[in-house]
Amino acid sequence: MAFEDPSLRDQATVGVLLSAVLSTALAWVTFRLAAVWRGEGDADLPRRLARPVDEQVDHLRGPVDAPLTLVEYGDYECPFCARATGVAEELRRRFGTELRYVFRHLPLHDVHPRADLAARAAVAADLQGRFWPMHDLLFSHQDALDPDDLFGYARDLGLDVDRFVRDLDSPGVAARVRDDVASAEASGARGTPTFFVGGTRHVGPWDAVTLAHALEALRQGPAERPASEGAGGPAVDGDH
């Protein structure tokens, strides 16, 4: 409509129509290739766990070679994640040595300002072999996650507090949390808690009954478990 010359107007009209057709075709080809190469059949967020479980890096409870895997992305200041800790424990009791439970960090800075510091505290505790005790303390004291509170938890757990304080602000610990956040984003996890059952993002309720049904379905399917990257080690029961 901006052109007064009829011939230019006709050319512009043809150009707009052709671009609409070509852009539609290009979009179809793009989504078709995604469906073939990546197994994505719609425009939803990614559904597969982008970073496979690595027992040398991940925070893991249960046998490293368990046939069933449940991965949770959580935030220590998130009240729903605190409730989910009970769900995870119930599932561990139900499935026993068949289940390995993995916790990954996804601090939601916009709504939980202390969540990133709490995540770094858990990683700093992990460097002294006390991740899970610190993990449990943080969830049971969600209203007390300031630095002085974290130092107190380190003392209560018998950690080297001076080392804990140094590690809390170290680039390596911050990078460890960022790696989990990056893997969450690449896997389609946008909120907490988000669960992955056997490497596939769980959609829907995350109560113990629903997740147990999802794990049962996985157990009844082909006998396979998500591949782990990194150096393998002997199967060990307990907390990692």
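The nearest pair of heavy atoms linking Pro133 to Leu157 is CB-CD2, 3.7 Å. Heavy-atom minimum distance, Thr97 versus Pro67: O-CD, 4.3 Å. The two residues Ala115 and Asp75 have their closest heavy-atom pair at CB-OD1, 3.3 Å. Annotation for Met134 and Ala121: closest pair CG-O, 4.0 Å, computed over non-hydrogen atoms. Here the closest non-hydrogen pair linking Leu145 and Ala118 is CD1-CB, 4.2 Å. Scanning both residues, Asp207 and Thr210, for their nearest heavy atoms gives OD1-OG1, 2.8 Å.
The structure places SG of Cys81 at 5.0 Å from CZ of Phe139, a figure rounded to the nearest 0.5 Å. Interatomic distance, Thr194 OG1 to His202 NE2, rounded to the nearest 0.5 Å: 10.0 Å. Taken from CD in Glu77 to OG1 in Thr192, the straight-line distance is 10.5 Å, to the nearest 0.5 Å. Note that CZ of Arg130 is 10.0 Å distant from CG of Asp136, once rounded to the nearest 0.5 Å. Expressed to the nearest 0.5 Å, how far CG of Leu26 lies from OG of Ser19 amounts to 12.0 Å. Annotation: the span from Asp58 atom CG to Arg100 atom CZ amounts to 8.5 Å, rounded to 0.5 Å.
Arg114 places a side-chain N or O within 3.5 Å of a backbone atom of Gln142 that can act as its donor or acceptor partner. With Arg48 contributing its side chain and Arg201 its backbone, the two residues share no donor-acceptor pair below 3.5 Å. In this structure, the side chain of Asp54 engages the main chain of Gln56 through a donor-acceptor pair within 3.5 Å.
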Verdict with supporting geometry, Asp5 and Arg9, salt bridge (Lys or Arg N to Asp or Glu O under 4.0 Å) = CA-CA 6 Å; Asp5 187 318; Arg9 188 183 304 123; over 6 Å; no

task = For the pair Asp180 and Arg51, evaluate side-chain contact (heavy atoms from CB on, under 4.5 Å) and give the outcome as yes or no after the intermediate values.
result = CA-CA 9 Å; Asp180 275 3; Arg51 191 185 81 202; 2.9 Å; yes

key: Verdict with supporting geometry, Val177 and Val123, side-chain contact (heavy atoms from CB on, under 4.5 Å)   = CA-CA 8 Å; Val177 175; Val123 175; 4.0 Å; yes

ask   = How far apart are the C-alpha atoms of Glu89 and Arg92, what are their side-chain angles, what is the distance that settles it, and do they pass the salt bridge (Lys or Arg N to Asp or Glu O under 4.0 Å) test?
value = CA-CA 5 Å; Glu89 285 306 302; Arg92 290 185 65 219; 3.4 Å; yes

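Between Phe164 and Tyr153, the distance from one ring center to the other does not fall under 6.0 angstrom. A centroid separation of 6.0 Å or more is found between the aromatic rings of His59 and Phe103. For an aromatic pair to be called close, the ring centres must be under 6.0 Å apart, and His112 with Tyr76 fails this.
A 4.5 Å side-chain heavy-atom check between Phe195 and Val71 finds every atom pair outside the cut-off. Thr69 has its side chain within reach of Val53: a pair of non-hydrogen atoms, C-beta onward, lies under 4.5 Å apart. By the 4.5 Å heavy-atom criterion applied to side chains, Val64 and Leu60 are counted as neighbours. His141 is not listed as a side-chain neighbour of Asp149, based on a closest heavy-atom distance of 4.5 Å or more. In this structure the side chain of Val173 never reaches within 4.5 angstrom of the side chain of Asp126, judged on heavy atoms. Side-chain contact between Arg61 and Trp132: present, with at least one pair of heavy atoms (C-beta onward) separated by less than 4.5 Å. Two residues are said to be in side-chain contact when any heavy atoms from C-beta on lie closer than 4.5 Å; Glu55 and Val102 fail this criterion.
Between the side chains of Thr200 and Arg47, not a single donor N or O lies within less than 3.5 Å of an accepting N or O. In this model, a donor atom of one side chain and an acceptor atom of the other lie less than 3.5 Å apart for Ser183 and Tyr73.
There is a path of hydrophobic side-chain contacts, each under 4.5 Å, that joins Leu108 to Phe196. The cluster map of Ile, Leu, Val, Met, Phe, Trp and Tyr, joined by side-chain heavy atoms under 4.5 Å apart, puts Val111 and Val181 in the same cluster. Hydrophobic clustering, with ILVMFWY side chains joined whenever heavy atoms are under 4.5 angstrom apart, groups Val87 together with Phe80. One hydrophobic cluster holds both Leu138 and Phe151 under the rule that ILVMFWY side chains link at heavy-atom gaps under 4.5 Å. Transitive grouping of hydrophobic side chains (ILVMFWY, heavy atoms separated by less than 4.5 Å) brings Tyr101 and Trp206 into a common cluster.
Glu98 and Arg219 are joined by a salt bridge, as a carboxylate oxygen and a charged side-chain nitrogen come within less than 4.0 angstrom of each other. Ion pair Arg120/Asp116 flagged as a salt bridge, since at least one NZ, NE, NH1 or NH2 atom sits closer than 4.0 Å to an Asp/Glu carboxylate oxygen.
Val14 shares a hydrophobic cluster with Leu18; the chain of contacts runs through ILVMFWY side chains whose heavy atoms sit under 4.5 Å apart.
Here Arg163 pairs with Asp167 under the salt bridge (Lys or Arg N to Asp or Glu O under 4.0 Å) rule; sequence neighbours left out.
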